[in-house]
Amino acid sequence: MFIKNAWYVACTPDEIEAKPLGRKICGENIVFFRDENGTAAAVEDFCPHRGAPLSLGYVENGKLVCGYHGLAMGSDGKVDSMPGQRVRAFPCVKAYAVIERYGFVWVWPGDQAAVDPAKLHPCEWAESDEWAYGGGLFHIQCDYRLMVDNLMDLTHETYVHASSIGQKEIDEAAPETTVEGEQVLTSRFMENIQAPPFWASNMEANGLDPNEVVDRWQVCRFTPPSHVMIDVGVALAGKGSINAEKKDRASCIVVDFITPETETSHWYFWGMARNFCPDDQALTDRIREGQGKIFSEDLEMLELQQKNLLAYPNRDVLKLNIDAGGVQSRRVIERLLTAETER
Amino acid sequence: MFIKNAWYVACTPDEIEAKPLGRKICGENIVFFRDENGTAAAVEDFCPHRGAPLSLGYVENGKLVCGYHGLAMGSDGKVDSMPGQRVRAFPCVKAYAVIERYGFVWVWPGDQAAVDPAKLHPCEWAESDEWAYGGGLFHIQCDYRLMVDNLMDLTHETYVHASSIGQKEIDEAAPETTVEGEQVLTSRFMENIQAPPFWASNMEANGLDPNEVVDRWQVCRFTPPSHVMIDVGVALAGKGSINAEKKDRASCIVVDFITPETETSHWYFWGMARNFCPDDQALTDRIREGQGKIFSEDLEMLELQQKNLLAYPNRDVLKLNIDAGGVQSRRVIERLLTAETER
Amino acid sequence: MFIKNAWYVACTPDEIEAKPLGRKICGENIVFFRDENGTAAAVEDFCPHRGAPLSLGYVENGKLVCGYHGLAMGSDGKVDSMPGQRVRAFPCVKAYAVIERYGFVWVWPGDQAAVDPAKLHPCEWAESDEWAYGGGLFHIQCDYRLMVDNLMDLTHETYVHASSIGQKEIDEAAPETTVEGEQVLTSRFMENIQAPPFWASNMEANGLDPNEVVDRWQVCRFTPPSHVMIDVGVALAGKGSINAEKKDRASCIVVDFITPETETSHWYFWGMARNFCPDDQALTDRIREGQGKIFSEDLEMLELQQKNLLAYPNRDVLKLNIDAGGVQSRRVIERLLTAETER
């Protein structure tokens, strides 16, 4: 069960440059390609002729040609042509609404009559010269909600990411969680501490002394269906923390688009947007590499947590204050799922 | 559900030279070996002593000796001896009728009382000096009937095998399908075309100018349980096509013995028999290598088509004129299956 | 279904030196570690916080710290602490009785109220200067009872281990099986034979002429839940066989602790204890290497026997005189299982 009437990140534009891309999203096999206008498009990955995956084919004149017997599929899910055949009465496949924006290809897997472009998650950082962005994609074998839990409780940084962004003070600062409509916010503020290695390095990149005492913040923001944006940063101590002036701080937005594949696997589009030194591509690359290494430390934990939960299906887990972000996010998901099912 | 009262190719003689061969055929675990006379034999691959696979053992004096505790099994499925034991009352295992002919070891997996050597598929090319044969074996993870479909509709050559035997004219020549008893024939004739690379090379081998305009033909012949023989060739244009004299043509029989393993996997014995330059072993090797490469292009498509069909179990596929060969072949299989079940 | 109220070998001490060890035993996910006193301990491998495997964490001050969010678990299964949390009301996990002795860490997976240290299997050879021991661990994909069968019927040595300890005379000497309470004994004596390679080499190590005629014995002793100790050896012919004086013999105890993992997999702790040249570490290493090679020859057979038995679930296997050891051992297991279930 997934929220289906929503925009999910499906892929990045480079993934559909050379050839069509087959990807399962919310349990549906979908193929992504570019139509005759170069516009990103998506249809079911199932040739109505004999059931071959259309993603094994190629694009010709904006049509997706099946690599088995040459049926040419349009971006509207209607068969365009097939050698030696009259195709007018051929069955259609489902066509999916697609938007290409903010450096991503987004798909609406659910009811196509309910598609609403206004519901796309805004990413101001993606369209401003003052920001730089770098990111990547992981394929993870666990329920996407375990990743939401993970990102809404950054206590785990102390343990999973001890050598980069973890520090004891995270544990000691209790997080606060609030719900505003469909949005869940979990905030944590730490004062008068030393910056951990990842942030010390960013302070230096932004022209600050990495050894100075800082205030640090983490503000996790869940929005449906499964996006988590995290304001993170440090500012010289006493300069206003999250509200400090740009010259006194180093801060970023951790960008997490979490796209379900099956009930126990998902596509994790992770990245970081920063508004200091936006033109420093080497810095972007260095941060991406560091973040990729940090995030990969979560993989084994999440996948084995999933296995353990499957092995003990009847055992409850705790819902502590630090878990409130994940717990509230799951409630929002449940609420929207119920609403969608009842429509 | 498989037709079981029929001869299937089980293996090639070289596969049982050095040691016994375990192979699952039509859902049955079978071990193949040579008895005291050197005759190919087959029994269930299950030691009646403790259930070990007999195929892990060895052959001694024509008996199949279990590699665990030394039970010696005869080719009749009766236990011959076991150290320190009286074996007369030991349970038997199923023994399978086996015929070694035409360069293959054939097995009859069904009712042994119904075995009929006359039902063996004839292969004249295998016993004539005027023909040469080369072939190979693939293990493919899909329903054997998807392979029958594949071979009875050669339209796919245009797409899957574009660089070797595919050409646009295949699409443009409508195939014709006829049923004669249990045999299904799908024929396609193309006139006044250029030979594609594979055939141009064979024309040259047969002393013809590869650039000359030709007539090309493909005549696919399905016979139960799952054999597909395909007459393929080119002749200089206007010289009588499939009936042209030997000096004006290059032609072959594509040999396909398709042996079910499970409901979603099969053993594919492929090869090519040609009646030009039969003594040119280098040519045989070259053709086999080329054919192996061409046929391996089908593997990914067939295996992913199988996955797609399993993922969408309730969705129908089309039955176009080009699919008539496969559709009619499946009807013959269904008819024989019903007859076998009702016996 | 496993006998759970019993001591099983869980691991060797070196496996829990550097970090906690997660291991499934009798279907239960268990994590092993050392507490503040250095004592081996075991609890369920499931963090009560969010279900992460505790075995991914680390030990700090004798507590097992979860590697996800820092919950610290005590060896009693009670949560000791968690940063920023009051843990008194946290749910416990199961704690398992553990004994470290004889070079192994033993666990009692069942009812902790029934734990009885007196039931630990005695291993005199492990605590005597006159003995040396070497061994290893295999992870095998088959029912642990197939391994018991294997070890209680050494006829298989003739076939599986033909080049090391197998010899025709094993087949020819009928084994005798007796049951004494919960213990099953299968004995085989061979007289006036040549020592096979493995024993010839041990005779030499013990100062005997390897070419002399010997008497050979194998006495397999099953004790619940699944231990098999085998007295094996050779003595110069006519010197009293198993009762010969030390100077006229070479003999060992084959040590087999067989710990179920799932219904179709187990951990196999194998080794050999000998009471000649106990201080010769090079000999110990050589024997261990040889034994490891010999025992690995059984793996493929056992795993494929398991697959065959699963493929033919309704087919009976034979229970010959040579199988009596395994058959009787299974009866003891059944009896104890029934008793345990009825408690």
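Below, chains carry the letters A, B, ... as their sequence lines are ordered, and counting in each starts from 1. Note that the structure is predicted; figures quoted are calculated from it, not measured.
- For the set Asn321(C), Thr158(C), Asp316(C), the count of heavy-atom pairs under 4.5 angstrom toward chain B peaks at Asn321(C).
- Counting heavy-atom pairs closer than 4.5 Å to chain B, the top residue among Leu302(C), Asp171(C), Leu146(C) is Asp171(C).
- Although no hydrogens or angles enter the test, the distance criterion places a donor-acceptor pair under 3.5 Å between the side chain of Lys94(B) and the main chain of Pro109(B).
- Residue with the most contacts toward chain C among Gly67(B), Ala52(B), Gly84(B): Gly67(B) (heavy-atom pairs, distance under 4.5 Å).
- Ring centroids of His139(B) and His266(B) are separated by 6.0 Å or more, keeping the two rings apart.
- Residue contact with chain B, scored on non-hydrogen atoms closer than 4.5 Å, is absent for Ile170(C).
- Between Thr12(B) and Val105(B), the closest side-chain pair of non-hydrogen atoms is not below 4.5 Å.
- Looking at Asp153(C), the atoms closer than 4.5 Å to chain B (heavy atoms on both sides) sit in the backbone and in the side chain alike.
- No other option in Pro48(B), Gly22(B), Pro91(B), Pro53(B) has as many heavy-atom pairs under 4.5 Å with chain C as Pro53(B).
- Taking the six-membered ring where tryptophan is involved, the planes of Phe295(C) and Tyr268(C) are essentially parallel, since the angle between them stays under 30° and well short of 60°.
- Checked by atom type and distance alone, the side chain of Arg34(B) never pairs as donor or acceptor with a backbone atom of Ala41(B) at under 3.5 Å.
- With 3.5 Å as the limit, one finds a donor-acceptor pair spanning the side chains of Ser265(C) and Thr262(C).
- Only the side chain of Ala311(C) has a heavy atom closer than 4.5 Å to any heavy atom of chain B.
- Within the 4.5 angstrom heavy-atom criterion, atoms from both the backbone and the side chain of Glu300(C) approach chain B.
- Here Tyr68(B) and Tyr159(C) keep their ring centres 6.0 angstrom or further from each other.
- Ranked by heavy-atom pairs under 4.5 Å with chain B, the list Lys168(C), Arg315(C), Glu157(C), Lys307(C) is led by Arg315(C).
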